[in-house]
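Just so it is clear, the values below take in all heavy atoms, side chains as well, and ignore hydrogens, waters and symmetry mates. Below, chains carry the letters A, B, ... as their sequence lines are ordered, and counting in each starts from 1. What you are looking at is a predicted structure, and each value in this text was computed from that prediction instead of being measured.
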2 protein chains.
Amino acid sequence: MSKTQVEEKREAILEAGKEVLFEYGYLGASVDEVLRRVGGSKRTIYKYFESKEGLFGAIVTELVNQAMQPLEMSLLDKEGELYATLEALGQTYLDVILREESVAIFRIAASEGIGHPTLGKALFESGPGAAVKRLAAYLHHQNKIGVLAIKDIDLAARHYYGMVRSDLHMRALLGLPLPAPAEINRGMRQAVASFVGIYEA
Amino acid sequence: MSKTQVEEKREAILEAGKEVLFEYGYLGASVDEVLRRVGGSKRTIYKYFESKEGLFGAIVTELVNQAMQPLEMSLLDKEGELYATLEALGQTYLDVILREESVAIFRIAASEGIGHPTLGKALFESGPGAAVKRLAAYLHHQNKIGVLAIKDIDLAARHYYGMVRSDLHMRALLGLPLPAPAEINRGMRQAVASFVGIYEA
DNA sequence: GTGCTAGGGTACGGAACAGTACCATCTCGG
DNA sequence: CCGAGATGGTACTGTTCCGTACCCTAGCAC
């Protein structure tokens, strides 16, 4: 059997595992259920993954790394006008944290924090934490060039994302319907306008 | 056996069930584990509660109703000066949503939304939703008497709580340590100052 | 062909769990 | 003091699950 076929099998297991994870949560997910979807023998799964913990742990850590990736990439190279930059950051932030996969991994990190104590920290730091740090760097620069006048940059950045997030993330976590994208975008732009109004020099 | 004793037994079951629920989550919680803590016979539990679903469902709904209660009580009768009122609302809000019990019930509502589809809605509406509605009513009044000039009151209220919440609730959900109360309070007061700065007439 | 290895299918051991059954025990009203 | 109902303790059935074992087939190397 060729290497690509081996990889395909492994990826099929991971994909099915991801589905099971999203449907049943970390504790509710079972190897048997993955097996029902991916077919084949249980032994094959245990060939690639040491245990249930190993399988779903691999899926979870991969998801954390992938889901929040756009927030870690630096947008600082395309700094444009203040409003445009802040709105771009806000839009990216909302796109990332409101995506179905992100909400699912967040739910898992929140609920199964017991047993996986470092998962929540990893998710926060590669997601919202990274976004705050990146915005803080940008705000620091705007401070220096006299566009903004912020005393506590870190707090301002967290308040910015707090406004942008509004109650949207909470609604998503609880499974409530979200407003239409146009309405979400309107709220985000109002948040940007408020933020600039507070801190402009 | 007297009625009070019967009530005591029932309450003991509920109390132990609450502990188990917080430790293991909704799916991980088991009747056997409750039994290990409260003692006695399994039959007794099934005398008071129809099933596992019935037991933990009762606990969850009771928790939702109790945990968010302070946010539903109207503070409008003690309206004072603008800053003081907004800070009081913010402080109450943070006290409620960052409490250990609230975080736990939120985790449950978020993660086990599957199978309990209405729980998330109930929690949101009796908690953050109620807070927004109450603040919106207050802001509407301040608009009328010329203290504030807000175009979209509902959006402003959600942005207010977004700033107050900052990333604190997210951190709590993910099991990360929170800043010291003094630091939290400082951030909240800055949020109030920013809010008033945006919308004062 | 002949060996070899990966995987498929099934079965099994051990454990946890939901819910029921049975009997001993205790409590309270009369 | 005595009987009825409530409770304790234990055991049981049926299910699900993790992880392992066993045997079979399919494809590849030589």
Side-chain angles (χ1 to χ4, degrees), chain A residues 1-62 107-108 111-112 114-116 119, chain B residues 1-62 107-108 111-112 114-116 119:
Chain A
M1 195 159 276
S2 73
K3 265 189 180 174
T4 48
Q5 275 173 323
V6 167
E7 277 308 305
E8 276 172 17
K9 188 67 190 179
R10 189 190 147 93
E11 305 238 340
I13 294 172
L14 286 173
E15 182 60 32
K18 198 169 80 177
E19 290 176 16
V20 172
L21 199 59
F22 286 179
E23 269 179 54
Y24 296 89
Y26 196 90
L27 283 176
S30 77
V31 177
D32 283 348
E33 181 61 32
V34 176
L35 193 66
R36 267 172 229 130
R37 307 191 182 202
V38 79
S41 169
K42 206 183 245 190
R43 188 65 201 209
T44 306
I45 293 183
Y46 281 95
K47 199 152 207 81
Y48 290 113
F49 303 96
E50 191 179 301
S51 63
K52 175 192 175 181
E53 188 85 8
L55 168 59
F56 291 108
I59 295 173
V60 160
T61 54
E62 186 192 347
R107 277 200 263 247
I108 290 168
S111 181
E112 335 290 349
I114 320 130
H116 242 285
L119 179 59
Chain B
M1 192 159 279
S2 73
K3 266 190 181 175
T4 48
Q5 275 174 323
V6 166
E7 278 308 304
E8 275 173 17
K9 187 66 189 180
R10 189 190 148 93
E11 304 238 340
I13 294 173
L14 286 172
E15 182 59 32
K18 197 168 82 177
E19 288 176 17
V20 172
L21 199 59
F22 286 180
E23 270 179 54
Y24 295 89
Y26 195 90
L27 282 175
S30 74
V31 177
D32 282 348
E33 182 60 34
V34 176
L35 193 67
R36 267 173 229 125
R37 306 193 181 201
V38 77
S41 169
K42 208 184 244 190
R43 188 65 201 213
T44 307
I45 292 183
Y46 282 93
K47 197 150 210 81
Y48 289 113
F49 303 97
E50 188 180 306
S51 63
K52 176 193 173 180
E53 188 86 8
L55 169 58
F56 291 109
I59 295 172
V60 161
T61 54
E62 186 192 348
R107 277 200 263 247
I108 290 168
S111 182
E112 333 290 350
I114 320 132
H116 243 287
L119 179 59

Sequence neighbours excluded - salt bridge (charged side-chain N to carboxylate O under 4.0 Å, His left out) pairs with any residue from residues 40-52 of chain B:
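Every salt bridge (charged side-chain N to carboxylate O under 4.0 Å, His left out) pair that includes a residue of residues 40-52 of chain B, provided the two are not neighbours, is Asp32(B)-Lys42(B).
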Take the protein atom [atom1] of [X] and the nucleotide atom [atom2] of [N], then report the distance between them rounded to whole Å.
X: Lys9(B); N: dT27(C); atom1: NZ; atom2: C1'; value: 14 Å
X: Leu27(B); N: dC17(D); atom1: CG; atom2: C1'; value: 14 Å
X: Ile45(A); N: dG9(C); atom1: CD1; atom2: P; value: 12 Å
X: Leu35(B); N: dT10(D); atom1: CG; atom2: C1'; value: 11 Å

Just N and O in the side chain of Tyr48(B): are any of them under 4.0 Å from OP1 or OP2 of dA6(D)?
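No, Tyr48(B) has no side-chain N/O under 4.0 Å of OP1/OP2 on dA6(D).
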Between Thr44(B) and dG8(D), is there a contact of a side-chain N or O with OP1 or OP2 at under 4.0 Å?
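Affirmative; the distance criterion is met.
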Encode nucleotides 16-23 of chain C as B, S and - characters from 5' to 3', where the letter depends on protein heavy atoms closer than 4.0 Å: B to the base, S only to sugar-phosphate, - to neither.
-SBBB---
Sequence neighbours left out, what passes ring-ring contact (aromatic ring centres under 6.0 Å, His included) with Phe56(B)? Give chain and number order.
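For Phe56(B) there are no ring-ring contact (aromatic ring centres under 6.0 Å, His included) partners, ignoring immediate neighbours.
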Is the shortest heavy-atom distance from the side chain of Ile13(A) to the side chain of Phe49(A) under 4.5 Å?
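Contact flag for Ile13(A)/Phe49(A) side chains = yes.
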Hey, is Glu23(B) close enough to Arg37(B) for a salt bridge, meaning N to O under 4.0 Å?
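Result for this pair is yes, salt bridge flagged.
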For the CZ atom of Phe22(A) and the CD1 atom of Ile59(A), what is their distance to the nearest 0.5 Å?
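Phe22(A) atom CZ to Ile59(A) atom CD1 measures 9.0 Å (nearest 0.5 Å).
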Would a distance-only check, ignoring hydrogens and angles, find a side-chain to backbone donor-acceptor pair under 3.5 Å from Thr61(A) to Ala58(A)?
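Yes, Thr61(A) side chain to Ala58(A) backbone: donor-acceptor pair under 3.5 Å.
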